[in-house]
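Single-structure report; data block below.
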Amino acid sequence: MMKSQDQPDIKFLTRAVQLARENVAIGGGPFGAVIVKDGEVVAESANQVISIPDPTAHAEIQTIRLAAKNLNTFNLTGTTLYTSCEPCPMCLGAVYWSRISRIVFASDRHDADLAGFRDAELYEEISQVPEKRHTPFEQLDVPEKGMEFTDWKNSHIKIDY
């Protein structure tokens, strides 16, 4: 779904790809991300899965964490995420939780698949009902099940996010 390309988008997306390539050159994964608000970069990062090591340290996740810290908010409405590759399901979830307003990406899940990454497989897996997933899921009843949500609804610190 390619769209017309304007100069700021090209500039910030090129930066995300540069971060990815620089990261590969130092032994990291081939992913980079930049978050922009009002035409200014508020955060950027590359994949740090190998260097930290942390399987959740994807470029998008790390960049979202930095942007939230730099802007002092968990709500990133009004920002654009530029990423070298279409976000994986984990990163897509983080994008929605953070309320990023727009995503611009270069490569897609199929390009990542050709390079040996599991993005396409994970998109397929996550769309399955829990009983049909490869990793077993089991829901159990415990006496206080759901009470944490009642506690939250009744909490004086409740914030919608």
Side-chain angles (χ1 to χ4, degrees), residues 1-2 13 16-17 19-35 42-71 73-77 79-161:
M1 169 179 3
M2 301 280 264
L13 188 56
V17 172
L19 288 165
R21 296 191 70 207
E22 290 168 5
N23 204 46
V24 170
I26 61 169
F31 302 95
V34 176
I35 293 180
V42 294
E44 66 179 28
S45 186
N47 180 290
Q48 296 176 5
V49 169
I50 297 167
S51 63
I52 290 182
D54 176 348
T56 68
H58 290 199
E60 297 90 340
I61 299 290
Q62 297 300 87
T63 306
I64 288 168
R65 289 174 177 154
L66 285 170
K69 182 178 180 182
N70 292 343
L71 295 172
T73 182
F74 59 83
N75 185 336
L76 300 179
T77 298
T79 64
T80 298
L81 170 67
Y82 295 89
T83 182
S84 60
C85 188
E86 175 186 10
C88 74
M90 176 183 70
C91 293
L92 183 60
V95 165
Y96 283 117
W97 277 114
S98 64
R99 299 176 191 241
I100 289 171
S101 297
R102 183 170 171 249
I103 304 164
V104 179
F105 63 94
S107 299
D108 66 18
R109 66 182 85 171
H110 306 292
D111 298 316
D113 186 56
L114 291 172
F117 291 92
R118 301 173 50 212
D119 299 46
E121 172 192 336
L122 295 176
Y123 266 105
E124 177 63 31
E125 179 74 3
I126 205 165
S127 70
Q128 300 295 320
V129 294
E131 306 82 51
K132 301 255 183 190
R133 292 182 183 147
H134 292 115
T135 301
F137 278 67
E138 187 174 346
Q139 184 177 18
L140 300 176
D141 242 348
V142 294
E144 294 185 14
K145 174 182 133 188
M147 294 305 297
E148 66 278 16
F149 296 117
T150 301
D151 294 344
W152 176 251
K153 286 182 199 175
N154 296 330
S155 172
H156 70 282
I157 63 162
K158 180 179 179 254
I159 299 170
D160 288 333
Y161 68 94

Is a side-chain N or O of [X] found less than 3.5 angstrom from the main chain of [Y], in a donor-acceptor match?
X: Gln62; Y: Ser45; result: no
X: Asn47; Y: Phe31; result: no
X: Thr63; Y: Ala59; result: yes

So do the side chains of [X] and [Y] get within less than 4.5 Å of each other, counting heavy atoms only?
X: Asp54; Y: Gln48; result: no
X: Leu81; Y: Val95; result: yes
X: Leu71; Y: Thr79; result: yes
X: Ile35; Y: Ile100; result: yes
X: Ile103; Y: Pro87; result: yes
X: Ser84; Y: Leu19; result: no
X: Leu76; Y: Ile64; result: yes
X: Leu92; Y: Met90; result: no

Is the count of non-hydrogen atoms from other residues, nucleotides or ligands lying under 6.0 Å from [X] atom [atom1] greater than 12?
X: His110; atom1: NE2; result: yes
X: Trp97; atom1: CH2; result: no
X: Tyr96; atom1: OH; result: no
X: Lys158; atom1: NZ; result: yes

Report task. Give a yes-or-no answer on whether the side chains of Thr73 and Asn75 include a donor-acceptor pair shorter than 3.5 Å. Result -> no
For the [atom1] atom of [X] and the [atom2] atom of [Y], what is their distance to the nearest 0.5 Å?
X: Glu86; Y: Ser107; atom1: CD; atom2: OG; answer: 10.0 Å
X: Ile159; Y: Phe74; atom1: CD1; atom2: CZ; answer: 5.5 Å
X: His58; Y: Asp119; atom1: NE2; atom2: CG; answer: 8.0 Å
X: Tyr123; Y: Arg109; atom1: OH; atom2: CZ; answer: 5.0 Å

Going by atom type alone, with no hydrogens or angles, which donor-acceptor pairs under 3.5 Å involve a side-chain atom of residues 139-147 and a protein atom two or more places apart or on another chain?
{"from": "Asp141", "atom 1": "OD1", "to": "Lys145", "atom 2": "NZ", "distance (Å)": "3.2"}

With a cut-off of 3.5 Å and sequence neighbours excluded, list every side-chain donor-acceptor pair involving residues 111-118.
{"from": "Asp111", "atom 1": "OD2", "to": "Asp108", "atom 2": "N", "distance (Å)": "2.9"}
{"from": "Arg118", "atom 1": "NH2", "to": "Glu121", "atom 2": "OE2", "distance (Å)": "3.4"}

For [X] and [Y], which heavy atoms make the closest approach, and how far apart are they?
X: Gly27; Y: Ile50; result: O-CD1, 3.9 Å
X: Cys85; Y: Glu60; result: O-OE2, 3.5 Å
X: Ala94; Y: Ile61; result: CB-CD1, 3.3 Å
X: Gly29; Y: Asn23; result: O-ND2, 2.9 Å

Query raised in the report: Can we say Glu125 and Arg133 salt-bridge, meaning some charged N sits less than 4.0 Å from an Asp/Glu carboxylate O?
Result: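 No salt bridge links Glu125 with Arg133.
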Requested in this report: Using the side-chain contact (heavy atoms from CB on, under 4.5 Å) rule, take Arg102 and Tyr82 through it: C-alpha gap first, then chi angles, then the decisive distance, then the call.
Outcome: CA-CA 9 Å; Arg102 183 170 171 249; Tyr82 295 89; 3.6 Å; yes
